[in-house]
Amino acid sequence: MAINDKTFSKLRILADAAKYDASCASSGAPKRVAGPQGLGSTSNGICHAYTPDGRCVSLLKILLTNYCLFDCAYCVNRRSSNVRRARFGIDEVVALTIAFYKRNYIEGLFLSSGIIQSPDHTMEQMMLVAKRLRQDHGFAGYIHLKAIPEANPWLVEQAGLWADRLSINLELPSEQSLKELAPEKDARSITGTMAQVRERIGEAKAERRRFSPAGQSTQLIVGADAASDAAVLTTSAGLYERYGLKRVYYSAFSPIPEASAALPLRPPPLQRENRLYQADWLLRYYGFSADEITGGSMDGMLDLEVDPKLAWALKNRDRFPVDVNQAEREMLLRVPGLGKRAVDKIITARRHSRLRLDDLSRLTSGLKRALPFLIAADHSPARQIDRADLRERLVEAPRQLALF
Ligand code: SF4
């Protein structure tokens with residue numbers, strides 16, 4: 001397909017309009033067998049983002065349209081916003097995806113949309129894009145579709161048949177904030193659709209059918225309302241538990257032109273988004289609860305200077321030092337500097353000999369950071385853990401992200 005000026009101009013508008021959605025990492029999709037035309041069979045989906053494991057992925061990330069009936073205060077595409085609008089037809093998105101794929105520009109599609117005509121109509125249009133890609137073109141690349149909670153559940157189910165991942169954006173961590181900033185959205189519809197998708201995914205797995213095989217995800221905007229990090233993480237923990245989400249993405253609010261007075265004038269510090277991602281990692285893989293991560297903070301906010309795992313260790317010094325030759329896995333996971341893989345290696349290695357610092361240096365790259373918090377056969381940190389200046393000594397260099 002030759003991309004003419006009109007299509008290109010729409011593409012610029014609708015790709016730009018899609019950039020505010022962070023929920024497009026595409027790891028975790030099992031490989032789809034290519035159709036007769038053999039297009040897009042990939043082992044990983046792509047999107048213009050970094051996955052949590054650090055891979056750079058790229059996909060055609062666009063809106064079907066940035067016209068919208070809704071007027072969510074934080075959204076540049078809201079009904080009352082004075083932005084240039086555009087709308088793709090189903091065939092245009094299909095043709096663009098195929099053309100870009102054949103040129104090796106992309107490995108998949110991330111498709112979202114403003115609400116046009118009705119939630120049902122919009123959901124149907126997006127579902128048909130995915131269906132035509134799969135059925136008419138044998139497209140086996142990654143497809144991430146935004147599900148519209150207000151749409152008929154049957155349409156959402158159809159979307160799950162063709163997409164690798166569905167995401168339903170909660171956007172704000174509390175029902176109250178949604179009421180204030182996105183009055184046309186309904187928290188119960190959103191969580192109801194998440195529950196429906198979870199159920200269908202479970203059924204499909206049991207019956208070895210394909211339904212949104214890379215699961216479902218959501219996005220929370222951070223800093224558009226007054227919610228603390230504690231509130232955000234409590235919401236995320238509840239979403240993981242109740243709806244089996246693969247990921248919650250955090251997107252720092254960015255001020256938009258002619259914004260509502262209810263919104264802050266400045267974005268939150270970028271580090272806040274980073275700290276929430278690190279805390280989210282602790283929730284999912286390190287056995288921390290939301291309360292533990294933010295406990296002891298007067299304002300419920302994460303420490304911007306140190307990563308959440310180190311912050312927890314500094315507040316709970318009585319739990320350290322931890323003996324690497326004896327401690328339970330759960331406690332080893334809480335030692336700053338020791339990641340999951342390092343902990344598993346330590347547990348395997350200590351079956352054969354008592355571990356010394358030399359051994360540990362071969363098993364983890366975070367040993368320097370871990371030293372004040374652990375005991376090895378030839379190392380006891382004595383009173384390091386009680387030093388008043390321990391925090392200062394461990395504070396990261398600017399811009400350097402913590403290694404768990
Ligand atoms: S529904 Fe709300 S968040 Fe989504 S595009 Fe419309 S105004 Fe933006």
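Indexing begins at 1, ligand by ligand and atom by atom, following the structure's order.
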Distance alone, cut at 3.5 Å: any donor-acceptor contact between the side chains of Asn274 and Tyr250?
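There is no such pair between these side chains.
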Looking at Lys131 and Asp136, is any side-chain nitrogen of the basic one under 4.0 Å from a carboxylate oxygen of the acidic one?
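Here Asp136 does not pair with Lys131 in a salt bridge, since their nearest N and O are not under 4.0 Å apart.
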Would Arg79 and Glu184 pass as an ion pair if we require N to O under 4.0 Å?
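Yes, Arg79 and Glu184 are salt-bridged.
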Select the closest option to atom 4 (Fe) of ligand 1 among Glu171, Lys185, Glu184, Arg79, judged by heavy-atom distance.
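Among Glu171, Lys185, Glu184, Arg79, the closest heavy atom to atom 4 (Fe) of ligand 1 belongs to Lys185.
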I'd like the name of whichever of Cys75, Ala182, Cys72 reaches closest to atom 2 (Fe) of ligand 1 through any heavy atom.
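Minimum heavy-atom distance to atom 2 (Fe) of ligand 1 goes to Cys72.
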Can you tell me how far apart CG (Leu14) and NZ (Lys61) are? Round to the nearest 0.5 Å.
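Leu14 atom CG to Lys61 atom NZ measures 13.5 Å (nearest 0.5 Å).
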Just wondering, is there an N, O or S atom on Cys68 that's nearer than 2.8 Å to atom 6 (Fe) of ligand 1?
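Looking at Cys68, which is the residue asked about, there is an N, O or S atom under 2.8 Å from atom 6 (Fe) of ligand 1.
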